[in-house]
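When a ligand or atom number is given, it counts from 1 through the structure's own listing order. Here the structure is a predicted model, which means the values were calculated and not measured.
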Amino acid sequence: MIHVAVNGYGVIGRRVADAVSLQPDMKLEGVVKVKPDYKARLAGMKYPLYALDDKGLKSFENAGLSPAGTLTDLLKNADIVVDACPGGVGAKNKEIYERFGKRAVFQGGEKHEVAGFSFVAQCNFNQARGRKFVRVVSCNTTGLCRTLDTLEQKFGLEKVRVVITRRATDPDDPSKGPIDSIVLDPVELPSHHGPDVNTVLPNVNIFTMALMVPCTHMHIHSVIATLKEKNVTEDKVIKTFEEAPRIMLVSSSEGFNSTSQVVDFSREMLRPRNDLYEVVLWRDSFKVIGNELFFYMGIHQEAIVIPENVDAIRALDGGYTKEDSMKLTNKTLGIAH
Ligand code: NAD
C-alpha cells in the first residue's frame, strides 16, 4: 500500500482524493483544508480531515468539525503527498515535505523548478520513477503533451502552432471575469503553454497564443501541426488517435458542435462531477494540407490531470511500470484505454 496525503482540497485536491481512494494499491490517509467551510464539512464526511496548523485546528473545532490533527500529523502517516494548493503555495510547502522526508507531487501552477521534473504519464513515467518530486503539468499542457507525443511518435513533428481559447474560471468560483470581453491572455506572445510543453517534450518546436472567454467549462485548442512524414491522410491520423491513450474522439455528425454538447455528454456518463479525463478531439476537424495537420481539441480543465496525479504517485513509489500504472488508473477511473 502507498500511503497518500492530499494537501489542499479545492478543484484538483478533492478529485485527486477521490481517485486515490479508488486505487487498490493506495490508502488515502487524509486531506488538509485551510478554512472550515462547506468543502471541509464534505471532506470530513468522506475522509480523515486535517487542519493546516494549530490555529486552523481551533477554527475547525469552533465550527463543529472534528479534525484528526494538523498537516504535520498527517505527514507522519504518509509516504507521498499530493500538493494541490493554489499556484505558488506548493513551492513554499516543499520545505515542510523535505523536513519530513516525504516525496511529493506538485501541480501545474508551480514552476518547473519546484520539482525539477514535469510529468505526463505517457511521455515520461519511466524517467520519473523513484524521484523525490514531480510536477503534474497544467490541464492545457497535459492535453498538448498527450496529442503531440502521439503525433511525434507516429509521424514526427516539424513544428506546432496553437491558439488556445480558455475558460475564464472554474464553475465554483464567481470572483473572476471577464463578463463581456475576450481577453488576450497574455498580449505579449507566446503564451506560457508552449514553453511549458517543452518542460516535458523538449524537442517539440511549439508556439502558443491564448484568449480568455467568459465561460467556466473547458478549453478549446485550435492546432496546426507540421508533420515530418509526407502524404499523411486524415484517416491515418484518426486511426492513430483512436489507438492513443486517454483520448476521446467525437464528431459533429453525432451533434458535438461545441463544448456544451461535450459537457452534456459527460454529465450522462455517470462519472463523478461530469469529469472527462480524456482529451477530446473532433474527428471531422482533422484536415491535412500538404504536410500541415489542422484540428480542434477540447480539455476539461478540472479533470484531465487527475489520472496523471495517480500515475505520478506510482512513479514516485518506483515499483511500477508505466503500462501497469496507466492500465490500473484507467480501469479504476473508467477510462477506456
Ligand atoms: P483551488 O483554489 O480550487 O484549491 C486550492 C485549495 O488549497 C483551496 O481549498 C485552498 O483553500 C487550499 N489552500 C490554500 N493555501 C493552502 C495551504 N497553505 N495549505 C493547504 N491548503 C491550502 O485551486 P485548484 O484549481 O485546485 O488548483 C490547485 C493547483 O492545480 C494549482 O497549481 C493549479 O494551477 C493546478 N491546476 C488547476 C486546474 C484547474 O482548472 N482548476 C487544472 C489543472 C491544474
Visitor: Write 'none' if nothing qualifies; otherwise put on separate lines each N/O atom of ligand 1 with a protein N/O atom under 3.5 Å away and their distance to 0.1 Å.
Guide:
from: ligand 1; atom 1: 3 (O); to: V11; atom 2: N; distance (Å): 3.0
from: ligand 1; atom 1: 26 (O); to: V11; atom 2: N; distance (Å): 3.3
from: ligand 1; atom 1: 26 (O); to: I12; atom 2: N; distance (Å): 2.9
from: ligand 1; atom 1: 32 (O); to: G109; atom 2: N; distance (Å): 3.0
from: ligand 1; atom 1: 34 (O); to: G109; atom 2: N; distance (Å): 3.2
from: ligand 1; atom 1: 40 (O); to: R167; atom 2: NH2; distance (Å): 3.0
from: ligand 1; atom 1: 40 (O); to: Q301; atom 2: O; distance (Å): 3.4
from: ligand 1; atom 1: 41 (N); to: D170; atom 2: OD2; distance (Å): 2.6

Visitor: Would you find more than 12 non-hydrogen atoms of other residues, nucleotides or ligands less than 6.0 Å from M248 atom CE?
Guide: yes
Visitor: Name each donor-acceptor pair under 3.5 Å that joins a side chain in residues 173-181 to protein atoms two or more places apart or in another chain, with its distance.
Guide:
from: D173; atom 1: OD1; to: S175; atom 2: N; distance (Å): 2.9
from: D173; atom 1: OD1; to: S175; atom 2: OG; distance (Å): 2.6
from: D173; atom 1: OD2; to: T169; atom 2: OG1; distance (Å): 3.3
from: D173; atom 1: OD2; to: K176; atom 2: NZ; distance (Å): 3.4

Visitor: Is any NZ, NE, NH1 or NH2 atom of the basic residue among D172 and R273 found under 4.0 Å from an Asp or Glu carboxylate oxygen of the other?
Guide: no
Visitor: Could you list all the side-chain hydrogen bond (donor to acceptor under 3.5 Å, both in side chains) pairs where at least one residue sits in residues 212-228, not counting sequence neighbours?
Guide: N140-H221
Visitor: Give a yes or no on whether a salt bridge exists between R271 and E278, defined as a side-chain N under 4.0 angstrom from a carboxylate O.
Guide: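 Yes, charged N to carboxylate O under 4.0 Å.
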Visitor: Which residues end up grouped with V81 if you chain together Ile, Leu, Val, Met, Phe, Trp and Tyr wherever their side-chain heavy atoms are less than 4.5 Å apart?
Guide: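 Answer for V81: V32, V34, Y50, L52, L71, L74, L75, I96, Y97, F100, F106, V114, F133.
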